[in-house]
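For reference, the structure is listed below as structure tokens.
To find a chain, count down the sequence lines: A is the first, B the second, and so on, and within it residues start at 1.
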Number of protein chains: 2
Amino acid sequence: MATLKFSRQRESIKQYLASTKEHPTADMVYMHVKEDYPNISLGTVYRNLNLLTDIGEALKIATPDGADRFDGCVKPHNHFFCTECRRVLDLDLDMKEIEQINKAAASNFDGIIESSNTIFYGKCGDCIK
Amino acid sequence: MATLKFSRQRESIKQYLASTKEHPTADMVYMHVKEDYPNISLGTVYRNLNLLTDIGEALKIATPDGADRFDGCVKPHNHFFCTECRRVLDLDLDMKEIEQINKAAASNFDGIIESSNTIFYGKCGDCIK
DNA sequence: TTTATTGCAAATGGTTTGCATCTCT
DNA sequence: AGAGATGCAAACCATTTGCAATAAA
């Protein structure tokens with residue numbers, strides 16, 4: 001199997017993901033990394049985002065808006081999607097709360113809910129007015 | 001504004017959505033309705049699914065698989081996505097449990113979580129082996 | 001030198017849209 | 001007749017992929 005080789009582009013992508021909490025789309029990552037590597041292509045960004053996701057160094061988040069969002073923080077946590085401003089926000093709960101939620105959700109359900117990655121929907125503080 | 005007008009195709013789509021619990025994709029709806037209306041087009045299916053979603057007679061569910069899933073059951077409930085078999089399942093909780101989950105999720109979060117539509121991830125009973 | 005990674009462009013898959021025609025009301 | 005709905009095809013957008021060139025080991 002592929003032995004990972006260093007790449008400046010991938011490094012830049014990782015660094016950007018680690019520096020932001022805005023859960024950017026692949027295109028946003030592309031735009032940003034382009035500032036340092038003007039020749040980088042969207043394909044490379046996608047390839048690296050998928051690679052990072054596969055090896056567990058990034059999270060891919062599906063939203064109703066079509067474009068996936070990426071998260072460089074892989075510590076277990078859940079997400080919130082604001083149906084008004086379309087932002088993805090982190091829900092910062094401790095493991096006890098996460099487990100409590102999962103237990104309640106799985107009552108009379110035959111299956112295993114992952115420790116995190118749950119996506120809640122609603123309106124964020126900024127959008128409630 | 002548009003005054004809704006009857007259409008056999010839309011009726012057939014609604015009926016199919018009401019009859020299934022498998023959260024079909026637009027294409028699956030298309031294939032099915034095609035049996036009764038061989039001339040129906042994918043565009044018409046999409047237009048109607050979006051219309052039904054807009055007027056609150058159907059639910060659109062985003063998944064990591066790209067294609068959206070649709071649900072004819074609009075009573076408040078949450079969903080579960082099996083990361084192995086890729087199915088969307090219903091989580092049948094009563095309002096008390098749903099509210100309890102939302103309350104726990106919203107602790108130290110500034111915003112309002114919708115009563116339902118939360119998507120959990122994990123492995124379903126069939127896939128745990 | 002070997003193999004992973006890149007840039008580019010073409011291809012894919014899901015969904016939307018313009019338009020002429022048809023169908024409800 | 002008038003407004004909405006349809007079928008078809010073209011357009012769109014996000015993402016993937018093939019390939020020759022490049023860079024890391």
Q. Of all residues at least two apart in sequence or in a different chain, which pass the salt bridge (Lys or Arg N to Asp or Glu O under 4.0 Å) check with B:Glu57?
A. B:Lys14

Q. A:Asp68 has an atom CG; how far is it from atom C1' of C:dG13, in whole Å?
A. 13 Å

Q. For residues 83-104 of chain B, which residue pairs qualify under ring pair (Phe, Tyr, Trp, His ring centres under 6.0 Å), counting only residues two or more places apart or in two chains?
A. none

**Q.** DNA chain D-proximal residues of residues 45-54 of chain A, any heavy atom under 4.0 Å
**A.** A:Tyr46, A:Arg47, A:Asn50

Q) What residues form a ring pair (Phe, Tyr, Trp, His ring centres under 6.0 Å) with A:Phe80, not counting sequence neighbours? A) B:Phe109

**Q.** Residue pairs fulfilling ring pair (Phe, Tyr, Trp, His ring centres under 6.0 Å) with at least one residue in residues 39-58 of chain B, sequence neighbours excluded
**A.** none

Q. C:dC24 C1' sits how many Å from B:Gln9 CD, rounded?
A. 11 Å

Q | Atom pair CD1 (B:Ile13) and CZ (B:Arg47), whose distance is rounded to the nearest 0.5 Å | A | 10.5 Å

Q. With the sugar-phosphate defined as primed atoms, P, OP1 and OP2, and the base as all remaining atoms, what B/S/- string results for nucleotides 20-25 of chain D, 5' to 3', for protein heavy atoms under 4.0 Å?
A. ----BS

Q) What are the residues of residues 26-43 of chain A, sorted by number, that bring a heavy atom to within less than 4.0 Å of DNA chain C? A) A:Asn39, A:Ile40, A:Ser41

**Q.** Sequence-distant partners of A:Glu97, salt bridge (Lys or Arg N to Asp or Glu O under 4.0 Å), two or more places apart
**A.** none

Q: Return the value, rounded to whole Å, for the distance between atom CG of B:Asp65 and atom C1' of D:dA14.
A: 15 Å

Q.
Could you work out, with ring pair (Phe, Tyr, Trp, His ring centres under 6.0 Å) as the rule, every residue matching A:Phe81, not counting sequence neighbours?
A. A:Tyr121

**Q.** Listed once per pair and sorted, the salt bridge (Lys or Arg N to Asp or Glu O under 4.0 Å) pairs that draw on residues 115-128 of chain A, sequence neighbours left out
**A.** A:Glu84-A:Lys123, A:Arg87-A:Asp126

Q) Going by the ring pair (Phe, Tyr, Trp, His ring centres under 6.0 Å) test, which pairs reach into residues 10-42 of chain B, not counting sequence neighbours? A) B:Tyr16-B:His32, B:His23-B:His79

(Q) With ring pair (Phe, Tyr, Trp, His ring centres under 6.0 Å) as the rule and sequence neighbours excluded, what pairs involving residues 84-107 of chain B come up? (A) none

